[in-house]
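Computed from a predicted structure; not experimentally measured.
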Amino acid sequence: MTALTSAPSRFRLPLAAVFFCALIAAAAPLTANTLEGVSYSVIGGGRVDIKLDLAEPVINASDFSTESPPRIAIDLNDTSNRWHERRLPVGSGAVSAVSAVEAGGRTRMVIDLSRPASYSLRQEGSSLVVTVDGGVAIGGSPLLSAEIDPTKRAAISTSNELESIDFRRGRDGEGRIELVFTGEGVGADMRDIGNRLQLELANVRVPERNQRRLDVGDFATPVQSIDVRAIGDSGARLEITTTGAVDTLAYQTGTRYVIEVAAKREPTAVERRSKAPDYVGERVTFNFQDVPIRSLLQLIAEVSELNIVVADSVSGNITIRLDNVPWDQALDVVLQAKGLDKRRQGNVMWIAPQPEIAAREKEMEDARIAIEERAELITDYIPINFGNAEEIAALLTTQSEQAQGGGGGGQSQSRGFLSPRGSVSYDRRTNTLLVNDIPQKIEEIRELVVLLDRPVQQVLIESRIVLASESFARDLGARFGISGSREDGDGNIISTGGSTESVDGMSARAINNRMGGISRGLPTFGTGTRSSDGVTDDAVFPAINERLNFNMPAPVGAGSFALAVLGADYLLDLELSALQIEGRGEVISNPRVITANQQLASIKQGSEIAFQSVTGTGQNAQPTMEFKEVALVLEVTPTITNDGRVFLNLLVKKDELDRWEAGLQGSRVPIISTREITTAVLVQNGQTVVLGGVYEVDSREFLQKVPYLGDIPVLGNLFRNKNRSANKAELLIFVTPKLLRESL
């Protein structure tokens, strides 16, 4: 085995500006291109190459630049964005960062500059390369034989006004802030200050209507609030409060300035495995014909300044030509070409054939397993604070025996997180794990228990049930009657009244007068008491119900107006009555309950109504006492999501006694009015949502009248009764979940 050590900077290879291998673009859809990735490289003279990897060559693109703030924008039309990173920090030459945003079927690349610089573009296969110079002049170059439109370059406006500000949630959960100005070319400078983004706008006046604070936390985006303030007479400042790690993207087009704030997305395991390695080593150029592999590794050791140890089994020659590639990439290419592999510890790298490295690692793993099988077993006691020792013991092993009694536990088989000789049991009384294993495994189990044994987050669920009712009733009625009796010269007696009893009484009195020799025999109306034959010596006075021809008044208790006209031989009775009833009521029930995450909670308030029922018939009839529950019930199972929202499985029920109905053999049965909702809903923390509602309207109109007479205008009101009623009822159910802090 030979050690190749680095020498002090005596040997350096020239640098160039071209990558080693061509990138293979993925097949793109027939209808559009796709941006697959963005990378950059620093070349001589302070210049930076920014490479846009596309699925197909660019066929429709345009570019422009701005002076303040200094930026370069490239619009890739009919191109979708599959670049996972929203912003690529550069910090070299005049380039600060590179961003990409997709909207309206196109992808815009924005290159933020620290100072004005010229640039050029060229096509390399399916990739588009933007070279940004380190100078201070703004310029461009033709892109795909298309001249840059100078009208696209924006100039700073000397006076502008913030016309409106809008916020909305993007399709991927990002917050989108859109500022609209009265003119183009707004000077903007955005800085990241902790959990705030600060945007300074120069020469911008903010009207008083736009100087406000926008609370946008309910949109479920990383943006929590936006403060718009005026700075002096010709400036403005936006402070955007965010939560968590975020990626920001800002660009200006016409009179609009758009800021997108998205949560920083961690790459998935598949993306991490498929991601190409990042090579950051110093660039080298190799052009050798049949050179010994050990000599080439010596050159790489000189460039990398690493201590490289080469196994004795490494031999042979290699022909290689690499132009301006990082030395770590060149090393990987050489190792792959010769079937070699490497292992690095600190600044020492061991290189050997792949089978030799695999065999050595297998021997080391076998030795580790052998040591574990011979290691001394120790016993450790791990107290559980918030969880259940029995459940955690089941998690640590794929098979476990049930504990017997409260003082001991079951012995589990050697599977799961334990070593082949390890075992775990538990004590219910003290809620403690009893682990018997090698020290290394016990330490791992302790670390795992720390992750599992955490307090469960709690949720306060507040529900409000609102019952609102409104009733209206109006009743108009009248009572009308004419009573009288007259005897003409021929001895004919003519009587009228509201009933046969009234007419009979008056006729009998007239006959009695005639038989007694009284002139004309006319009955008199007075206040005497009626005798058993319906006639008194002093007067004839029919009761009011006997005198009425039309009797349809409003209900008892209504306002009324009565009129009576008493003539020599007639009596006129008239009564008008009216009733209007208005009622408004509101019942609010507010059940609350606190429960842990994914735990069912129930709260109930009410009573049981007793009633008697009869079973059987005849002589076999037996009365029994039954009970019916009338209660307000709230049952809920909350699930807290990773983004801080709450998913609720809910049952809300409110019963009321409506009325009693007659049952068998004089028994009474209660009729219960039930209001119930069962649903599942996803709610923001602290947000109130309406689960449901019922709106009922009952409108009725009744009319009773005497035919024909009741249809006469105005006068017809004396011969009819009119009733109109309207009842409205509304049921609304609200729910508000609130996450409780652990300190509470």
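- Looking at Asp172, its side chain never comes within 3.5 Å of a backbone N or O of Glu174 through a donor-acceptor pair.
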Atom pairs and distances, side-chain donor-acceptor, residues 680-689, under 3.5 Å, sequence neighbours left out:
residue, atom, partner, partner atom, Å
Asn685, OD1, Leu739, N, 2.9
Gln687, OE1, Gln684, N, 3.3
Thr688, OG1, Thr736, OG1, 2.6

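- For Lys628, the NZ atom sits in a packed shell: over 12 heavy atoms of surrounding residues, nucleotides or ligands are nearer than 6.0 Å.
- Pairs engaging residues 678-696 under the salt bridge (Lys or Arg N to Asp or Glu O under 4.0 Å) rule: none recorded [sequence neighbours left out].
- Contacts of Asp698 classified as side chain to side chain contact (heavy atoms under 4.5 Å, CB included), with partners at least two apart in sequence or in another chain: Arg700, Asn727.
- Scored by the ring pair (Phe, Tyr, Trp, His ring centres under 6.0 Å) test, Phe181 finds no partners at all (sequence neighbours excluded).
- The list of ring-ring contact (aromatic ring centres under 6.0 Å, His included) pairs with a residue in residues 208-228, not counting sequence neighbours, reads Phe167-Phe219.
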Please tabulate, one pair per line, all N/O donor-acceptor pairs under 3.5 Å involving side-chain atoms of residues 594-609, not counting sequence neighbours.
residue, atom, partner, partner atom, Å
Thr595, OG1, Gln599, O, 2.9
Asn597, OD1, Ile640, N, 2.9
Lys604, NZ, Glu629, OE2, 3.4

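- Applying the side chain to side chain contact (heavy atoms under 4.5 Å, CB included) test to Leu214 and every residue at least two apart in sequence or in another chain returns Ile165, Arg212, Val216, Ile226.
- Pairs engaging residues 446-455 under the side-chain hydrogen bond (donor to acceptor under 3.5 Å, both in side chains) rule: Asp380-Arg446 [sequence neighbours left out].
- Every pair passing salt bridge (Lys or Arg N to Asp or Glu O under 4.0 Å) that includes a residue from residues 462-472 is listed here, sequence neighbours excluded: Glu462-Arg464, Glu462-Arg592, Glu470-Arg584.
- Among residues two or more places apart in sequence or in another chain, the side chain to side chain contact (heavy atoms under 4.5 Å, CB included) test is passed with Tyr695 by Val697, Lys728, Glu730.
- Applying the side chain to side chain contact (heavy atoms under 4.5 Å, CB included) rule to Ser164 yields the partners Val180; only residues at least two apart in sequence or on another chain are considered.
- Judged by distance alone, the side chain of Ser99 and the main-chain N or O of Thr248 form no donor-acceptor pair under 3.5 Å.
- In this view, Arg191 and Asp189, Glu200 satisfy the salt bridge (Lys or Arg N to Asp or Glu O under 4.0 Å) rule, not counting sequence neighbours.
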